[in-house]
Protein chains: 2
Amino acid sequence: MSDSGDPGVRWLSPDEQRAWQDYRQLKRLLDAQLARDLVRDTGLSEADYDALSTLTEVDGQRWRASELAARLEWSTSRLAHHIGRMERRGLVARENCDTDGRGAMITLTEEGLQTIRRAAPAHVASVRHHFVDRLTPEQLEQLSDIARSVVDHLPTPRT
Amino acid sequence: MSDSGDPGVRWLSPDEQRAWQDYRQLKRLLDAQLARDLVRDTGLSEADYDALSTLTEVDGQRWRASELAARLEWSTSRLAHHIGRMERRGLVARENCDTDGRGAMITLTEEGLQTIRRAAPAHVASVRHHFVDRLTPEQLEQLSDIARSVVDHLPTPRT
DNA sequence: TCGCAGTTGTTGACATGACAGGAAGGTGAT
DNA sequence: ATCACCTTCCTGTCATGTCAACAACTGCGA
């Protein structure tokens, strides 16, 4: 669509176009590869992995639902659906919250714990193989800077 | 999970961890913002936009379904479902292929053409505002190099 | 010409996640 | 204590995308 006649539109230059397309390609292919590796090696989706590994971050592997959703940057609706599915698979459990009758506590089951312990090395190896080890330390730092430049100017969806 | 006792696992260093997390954050938030802008400004999803703008790439806005799927890097199943939905909205049309009885040709309708003509400036402005204009020319080039370093080492899903 | 393996596209079943709406519990002013 | 309002979580519904199965058709070798 860059051949439109509208002179008021600042179309992307070839270099800009290329950077944008390369980023989109990276996103598409890298994510697909990591998801394939993860499900092949562990039977987990990326969402499963994120949820389980976040649960291990605190002692007792016990999170208030709303805090887990905030940490994962998930809507509470998404959390409820996903936790429901993981509960049916025996990876997590729901308990009542002592101090707030509305609240729900999400905990790791023993099976969930075993699962994430088994999954983590494989997933880290996959991230390393397909991403970290492909880039120099300088490139990793450049990417961090780039990502934060963009993210910092995004309208904050936070709280 | 970086505190596991397994000495055979090469966990990510803090810098590596940060680059990986920053990349994931970029992906999540930037994509969400662009999708929000696009649907607000034009009523299209990113998939809709990609399909429509790819259709304009050739004379006559007429693609063989399998080639359109390949160009978009979509499965033929995804294409069939998505084209079906866009057809119901009047944006595209299906025709038979003259030279191959199995084939389908996908074309832009007049409404589809009007829609993408109207959408393109808004979407480019959004990409510019949230992405291109946040980065220096050097950073755009760095990002291209980074993306291609990673993508080039991925197992080729290509044909 | 026949027959059959390979291609092309569609469909149905299912998983995921967004959004809206609602139930249940908490909080604060009066 | 009451009542209005907020918070927290869950559920139904819908859009999207994946996978497997299938139908229709092509093209090639016998």
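Below, chain A is the first sequence line, B the second, and so on; all start at residue 1. Below, all heavy atoms of this structure are taken into account, side chains as well, without hydrogens, waters or symmetry copies.
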> More 5' along DNA chain C: B/A104 or A/D100, using each one's nearest nucleotide?
Replying inline: B/A104

>> At under 4.0 Å between heavy atoms, how does the protein contact nucleotides 2-7 of chain D? Give one character per nucleotide, 5' to 3', with B, S or -.
In response: -----B

> Nearest nucleotide by nearest heavy atom, which residue falls closer to the 5' end of DNA chain D, B/W74 or A/M105?
Replying inline: A/M105

> How many Å lie between CG on A/N96 and P on D/dC10, as a whole number?
Replying inline: 10 Å

List every contact pair, protein side and nucleotides 11-16 of chain D side both N or O, where the distance is under 3.5 Å.
{"unit_1": "D/dT11", "atom_1": "O4", "unit_2": "A/S77", "atom_2": "OG", "d": "3.2"}
{"unit_1": "D/dG12", "atom_1": "O6", "unit_2": "A/H81", "atom_2": "NE2", "d": "2.7"}
{"unit_1": "D/dT16", "atom_1": "OP2", "unit_2": "B/R85", "atom_2": "NE", "d": "2.9"}

> Between D/dT18 atom P and B/L72 atom CG, what is the distance in whole Å?
Replying inline: 12 Å

>> Suppose we screen for side-chain contact (heavy atoms from CB on, under 4.5 Å). Which residues come up paired with B/Q114, at least two apart in sequence or across chains?
In response: B/E110, B/R118

> Hey, are A/R148 and A/D145 close enough for a salt bridge, meaning a charged N less than 4.0 Å from a carboxylate O?
Replying inline: yes

> How long is the line joining CD of A/E46 and P of D/dT18, in whole Å?
Replying inline: 14 Å

> Taking atom P of D/dT26 as reference, at what distance in whole Å does atom CZ of B/R64 sit?
Replying inline: 10 Å

> A/R78: what forms a side-chain contact (heavy atoms from CB on, under 4.5 Å) with it, not counting sequence neighbours?
Replying inline: A/A47, A/W74, A/S75

> With the threshold set at 4.0 Å, does a side-chain nitrogen-carboxylate oxygen contact exist between A/D152 and B/R134?
Replying inline: no

>> Can you measure B/D31 atom CG to C/dA18 atom P for me and round it to whole angstrom units?
In response: 12 Å

> To the nearest angstrom, how far is B/I83 atom CD1 from C/dT11 atom P?
Replying inline: 13 Å

>> Applying side-chain contact (heavy atoms from CB on, under 4.5 Å), can you list everything that pairs with B/T54, at least two apart in sequence or on another chain?
In response: B/E57, B/W63, B/L68, B/R71, B/L72

> What residues, two or more places apart in sequence or in another chain, satisfy salt bridge (charged side-chain N to carboxylate O under 4.0 Å, His left out) together with A/R40?
Replying inline: A/D37

> Can you name the ring pair (Phe, Tyr, Trp, His ring centres under 6.0 Å) partners of A/H123, sequence neighbours left out?
Replying inline: A/Y49

> For A/R128, what residues pass the salt bridge (charged side-chain N to carboxylate O under 4.0 Å, His left out) criterion, not counting sequence neighbours?
Replying inline: A/D133, B/E16

> Between D/dC10 atom P and A/L79 atom CG, what is the distance in whole Å?
Replying inline: 8 Å

>> Could you work out, with side-chain contact (heavy atoms from CB on, under 4.5 Å) as the rule, every residue matching B/R62, not counting sequence neighbours?
In response: B/E95, B/M105, B/T107

> Whole-Å distance between D/dG17 P and B/M86 CE?
Replying inline: 11 Å

